[in-house]
Amino acid sequence: MLSKMEPDTAIIQQQQQELARLIERFTHEDGVHLTAIPSLALIRASQVSEPIHAVHEPALCIVAQGSKLVILGQESYTYDSSQYLVASINLPISGQVVQATTEHPYLCLRLDFDSGQIFDLIQDSPTVQTKPDKSTRRGLFVSSTKPPLLEAVIRLVRLLDTPEDIPVLAPLMTREILYRLIQDEHGHSIRQFAVQNSHAQHIAQVIEVIQSEFAHPLRIEQLASMINMSTSSLHYHFKAITAMSPLQYQKQIRLQEARRMLLAGSNDAADAAFQVGYESPSQFSREYARMYGLPPKSDINRLRHTLHIDC
């Protein structure tokens, strides 16, 4: 007798193959391809990549072919065509394509979203109103892909063939996709940021301040006071969501911004260090090498020869 999982498995395999064909058709070369749907990007890579450090903004990432490794703090997340990844808040991560060849390139899509869209969904969908959950969850997760989600994603990508339909239908299909995400077993990780006065929403405020003022000294007491939390509670909930402390978060943001400046070629290492908030160029170089594996100059030379993959 056939198990209940077998029909779903066959459907998912067919959907994965169709999604891979669609992405491959719309991406004729490696790289990140923006589309006529503003929130949708398609990604292709024909070889494995070096680790790329970036701030992952809120987005759904679905791999149709190949696989990807994402590192958040000390945690590793690997996902392939059987899974999807969601970042529900801005998180400094490193990402690396770990399975890709010319014959079978890495194919992925990224659908950006924001907490306002999630809030509207929760308000308009009584079935999403689950019992209150005051726990704070990690702002990034990997989950198994299911047929209803893949079916909605495929319909969204197909819209690229009929651009005249995009203004009307893309928002509806995006809404359906987000609905599937918040109904998932890990949906609270997304919903928590749309709940008024939740711990997650307060931490999102702190993250916004750290990102906008990363070059300034980090004053935990002021941040805690801003969201009406104790410093110990701030540390606890911040780490629960980001897998790192506020200071570690700020350090990653600073180093990523310094790396961006150096890659643009408009600054030397000492100048970049001062601009992102370091008082000691030697400390900057040590922490830069610890994070990226090489001193600034050597790292930038290497980085200019790598492929940039965002999702």
Side-chain angles (χ1 to χ4, degrees), residues 53-60 70-77 85-94 112-123 128-143 178 181-257 276-279 283 287 290-291:
H53 294 257
V55 174
H56 202 313
E57 297 180 349
L60 160 69
V70 169
I71 297 177
L72 173 66
Q74 300 299 313
E75 299 175 351
S76 298
Y77 300 80
L85 177 142
V86 168
S88 47
I89 193 70
N90 290 356
L91 294 170
I93 58 96
S94 74
D112 300 326
F113 63 87
D114 58 52
S115 59
Q117 292 172 285
I118 305 301
F119 178 80
D120 290 343
L121 260 180
I122 293 174
Q123 292 299 109
V128 178
Q129 300 284 358
T130 57
K131 60 183 180 180
D133 188 341
K134 295 183 179 180
S135 62
T136 306
R137 308 283 177 82
R138 187 74 79 240
L140 184 144
F141 66 87
V142 169
S143 188
L178 295 179
L181 294 183
I182 64 177
Q183 291 284 64
D184 184 85
E185 58 185 325
H186 299 290
H188 177 66
S189 294
I190 306 172
R191 296 193 303 268
Q192 63 182 342
F193 294 101
V195 178
Q196 293 292 335
N197 294 318
S198 66
H199 293 312
Q201 195 174 74
H202 291 321
I203 296 304
Q205 292 177 258
V206 172
I207 286 174
E208 185 176 345
V209 171
I210 294 175
Q211 283 196 286
S212 63
E213 302 179 6
F214 62 83
H216 299 157
L218 191 64
R219 306 192 185 283
I220 295 296
E221 294 79 7
Q222 290 182 5
L223 292 173
S225 176
M226 179 187 76
I227 59 174
N228 197 28
M229 273 188 186
S230 66
T231 56
S232 60
S233 183
L234 167 58
H235 274 282
Y236 174 81
H237 291 290
F238 194 98
K239 191 164 187 176
I241 287 171
T242 68
M244 62 192 78
S245 70
L247 186 61
Q248 290 169 328
Y249 188 103
Q250 182 199 49
K251 182 185 297 184
Q252 292 213 24
I253 297 297
R254 283 179 167 182
L255 292 172
Q256 286 193 21
E257 178 61 17
V276 301
Y278 279 87
E279 297 180 358
Q283 181 189 0
E287 293 187 352
R290 191 176 301 126
M291 181 165 172

Side chain to side chain donor-acceptor pair (under 3.5 Å) partners of S232, counting only residues at least two apart:
S230

R138 bridged to E75 by N-O distance under 4.0 Å
yes

What distance do Q117 atom CD and I190 atom CD1 have between them, rounded to the nearest 0.5 Å?
11.5 Å

Measure the spacing between CD1 of I89 and CZ of F193 and express it to the nearest 0.5 Å.
4.5 Å

With the side chain counted from C-beta on, respond yes when E208 and N90 share a heavy-atom pair under 4.5 Å apart, and no when they do not.
no

Apply the test side-chain contact (heavy atoms from CB on, under 4.5 Å) to residues L255 and H53: give CA-CA distance (whole Å), side-chain angles for both, the deciding distance (0.1 Å), then the verdict.
CA-CA 10 Å; L255 292 172; H53 294 257; over 6 Å; no

Answer whether the closest heavy-atom distance between the side chains of Q205 and H202 falls below 4.5 Å.
yes

Would you indicate whether the side-chain heavy atoms of I210 and P246 approach each other to under 4.5 Å?
yes

Answer yes or no: is there a side-chain heavy-atom contact under 4.5 Å between M226 and V206?
yes

To the nearest 0.5 Å, what is the distance between OG1 on T136 and NZ on K239?
14.5 Å

Side-chain touch V70/H56, heavy atoms, less than 4.5 angstrom:
no

When rounded to the nearest 0.5 angstrom, what distance separates OG in S198 from NE2 in H188?
7.5 Å

Would you say the side-chain atoms of S88 pair up with the backbone N or O of S189, donor to acceptor, closer than 3.5 Å?
yes

Minimum heavy-atom separation for L60 to F113, with atom names?
N-CE2, 3.8 Å

Would the distance check show the side chain of R191 and the main-chain N or O of I182 forming a donor-acceptor pair, the cut-off being under 3.5 Å?
yes

Enumerate the ring pair (Phe, Tyr, Trp, His ring centres under 6.0 Å) contacts for residues 223-255, please, sequence neighbours excluded, ordered by first and then second residue.
H199-H237, F238-Y249

Nearest 0.5 Å, please: how far is CD in Q250 from CD1 in I220?
8.5 Å

Enclosure of E57 CD (heavy-atom neighbours >12, cutoff 6.0 Å):
no

CD (E221) and CG (L234) are apart, to the nearest 0.5 Å, by 10.0 Å

Look only at the side chain of Q123 and the backbone of F119, and say whether a donor-acceptor pair between them is shorter than 3.5 Å.
no

Closest non-hydrogen atom pair, Y278 against K251:
OH-CG, 3.6 Å

In this structure, are over 12 heavy atoms from other groups packed under 6.0 Å from E185 atom CD?
yes

Restricting to non-hydrogen atoms, name the atom on M244 and the atom on T242 that form the minimum distance, rounded to 0.1 Å.
O-OG1, 2.9 Å

Under 3.5 Å donor-acceptor, Q248 side chain and S245 backbone
yes

Do any N or O atoms from the side chain of Q256 and from the backbone of P92 form a donor-acceptor pair under 3.5 angstrom?
no

Contact between L218 and L223 at the side-chain level, heavy atoms closer than 4.5 Å - yes or no?
yes

